[in-house]
Number of protein chains: 2
Amino acid sequence: MERKIHDCMDGCPVESTLQIISGKWKCVILYRLIKHKVCRFSELQRYMPGCSRRMLALQLNELEADNIISKKVYPVIPPKTEYSLTELGETLIPLITEMNKWGEMYNQIHR
Amino acid sequence: MERKIHDCMDGCPVESTLQIISGKWKCVILYRLIKHKVCRFSELQRYMPGCSRRMLALQLNELEADNIISKKVYPVIPPKTEYSLTELGETLIPLITEMNKWGEMYNQIHR
DNA sequence: CGGTATCCGGTAAGATACTG
DNA sequence: CAGTATCTTACCGGATACCG
């Protein structure tokens, strides 16, 4: 398995995590998948009006490639897809939850 | 107080957190400041060989502007500065710790 | 509906030089 | 030592069009 990030003399595990969840919308996608369990593409779009369709697709592809989420495609017309967390993706729940908690606290202060 | 991110119809607190800690090196900087309490500029540089001096300065400035870290400048020659977490910055410890834990777990798997 | 392909402009970030 | 200033480039990401 190839290391994605540079091996520095004292690299910290935080960098591995960043490698997976950095990217403007990934954490928000994960938050939604945690909250709703299963989401369709258009559903995610509605939750993230600031994220273009193209960007959403890119981020979803990357998360899928990293085995964080999985995609189920229904062979119907019009097309229907459903995204959900993989087993590995579910291990991120405490982290995303912590991010959400901190954001809530921060929003309380900055009001 | 101005909202930095777009107000979307159902924005999640995760986005507020991202607003503060996103940026390639911020989490690594925070990890170091958690671990070592106080760091000089050159010390941080040594811990992050992949981060240029310019980038390090930019990220530190942003974290300082957001009141996450504070800088102490000693008026000596040659100059000496020390960075450390603010009180607000310390509230990020659980989050960064969780990021580190997940990274450790992930590294175990991908070996 | 759920994407991909192509084009293109703005900005993030490296390289280098300079400073107190 | 601890930065800032300037220049230049790469690429991120938006807009648009197209497709099964």
- Message: Regarding B/Arg53, tell me which of base, sugar-phosphate or nothing describes its non-hydrogen contacts under 4.0 Å with the strands shown.
- Response: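 Answer is base: heavy atoms of B/Arg53 come under 4.0 Å of a base.
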Compare every heavy atom of [Y] with every heavy atom of [X], then report the nearest pair and how far apart it is.
X: A/Lys24; Y: B/Leu18; value: O-CD1, 3.9 Å
X: A/Asn67; Y: A/Thr86; value: O-OG1, 2.6 Å
X: B/Leu88; Y: B/Asp66; value: CD2-O, 3.9 Å
X: B/Gln59; Y: B/Trp25; value: OE1-N, 3.2 Å

Looking at [X], I'd like to know whether one of its side-chain N or O atoms comes within less than 4.0 Å of OP1 or OP2 on [N].
X: A/Asn61; N: C/dT4; value: yes
X: A/Ser42; N: C/dG2; value: yes
X: A/Lys71; N: C/dG3; value: yes
X: A/Arg40; N: C/dG2; value: yes

- Item | Close side-chain approach of B/Ile96 and B/Cys27, heavy atoms under 4.5 Å |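 SC-SC contact between B/Ile96 and B/Cys27 confirmed.
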- Task: Would you mind reporting whether A/Ile21 and A/Leu95 have side-chain heavy atoms less than 4.5 Å apart?
- Result: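 Answer yes - side chains close enough.
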- Message: Filter on side chain to side chain donor-acceptor pair (under 3.5 Å), then keep only pairs touching residues 48-58 of chain A, sequence neighbours left out; what's left?
- Response: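 Residue pairs passing side chain to side chain donor-acceptor pair (under 3.5 Å), neighbours aside: none found.
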- Can you list every pair that meets side chain to side chain donor-acceptor pair (under 3.5 Å) and has a residue in residues 90-104 of chain B, with sequence neighbours left out?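 Listed by first then second residue: A/Thr91-B/Trp102, A/Trp102-B/Thr91.
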- Starting from the first five and the last five pairs of the helix from C/dC1-D/dG20 to C/dG20-D/dC1, work out the angle between the resulting helix axes, to 10 degrees.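 That helix gives 50° between its end axes.
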- Query: Hey, are A/Gln19 and B/Tyr106 close enough side-chain-wise for a donor-acceptor pair under 3.5 Å?
  - Reply: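 No, A/Gln19 and B/Tyr106 have no side-chain donor paired with an acceptor closer than 3.5 Å.
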- Query: What is the distance, rounded to the nearest whole Å, between atom NZ of A/Lys72 and atom C1' of C/dC1?
  - Reply: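 Those two atoms, NZ and C1', are 17 Å apart.
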- Residues from residues 73-86 of chain A sitting under 4.0 Å of DNA chain D, heavy atoms only?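 Within this stretch, A/Pro79 sit under 4.0 Å of the strand.
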- Using chain B heavy atoms and a threshold of under 4.0 Å, write down where along DNA chain D the contacts begin and end, 5' to 3'.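 Span of nucleotides near chain B: D/dC1 to D/dT6.
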- If a protein heavy atom is under 4.0 Å from the base, mark B; if only from the sugar-phosphate, S; if neither, -; do that for nucleotides 5-13 of chain C going 5' to 3'. -B------B
- Would you say A/Thr17's side chain and B/Gly103's backbone share a donor-acceptor pair under 3.5 angstrom?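 Yes.
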- Counting only N and O atoms by type, is there a donor-acceptor contact under 3.5 Å from the side chain of A/Glu43 to the main-chain atoms of A/Arg40?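 Present.
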- Task: Taking the six-membered ring of B/Tyr83 (Phe, Tyr or Trp), confirm whether the NZ or CZ of B/Lys71 is under 6.0 Å from its centre and within 45° of its axis.
- Result: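 B/Lys71 over B/Tyr83 ring: no.
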- Look at atom CD1 of A/Ile109 and say whether more than 12 heavy atoms of other residues, nucleotides or ligands are closer to it than 6.0 Å.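 Counting neighbours around CD1 of A/Ile109, more than 12 heavy atoms of other residues, nucleotides or ligands fall under 6.0 Å, so yes.
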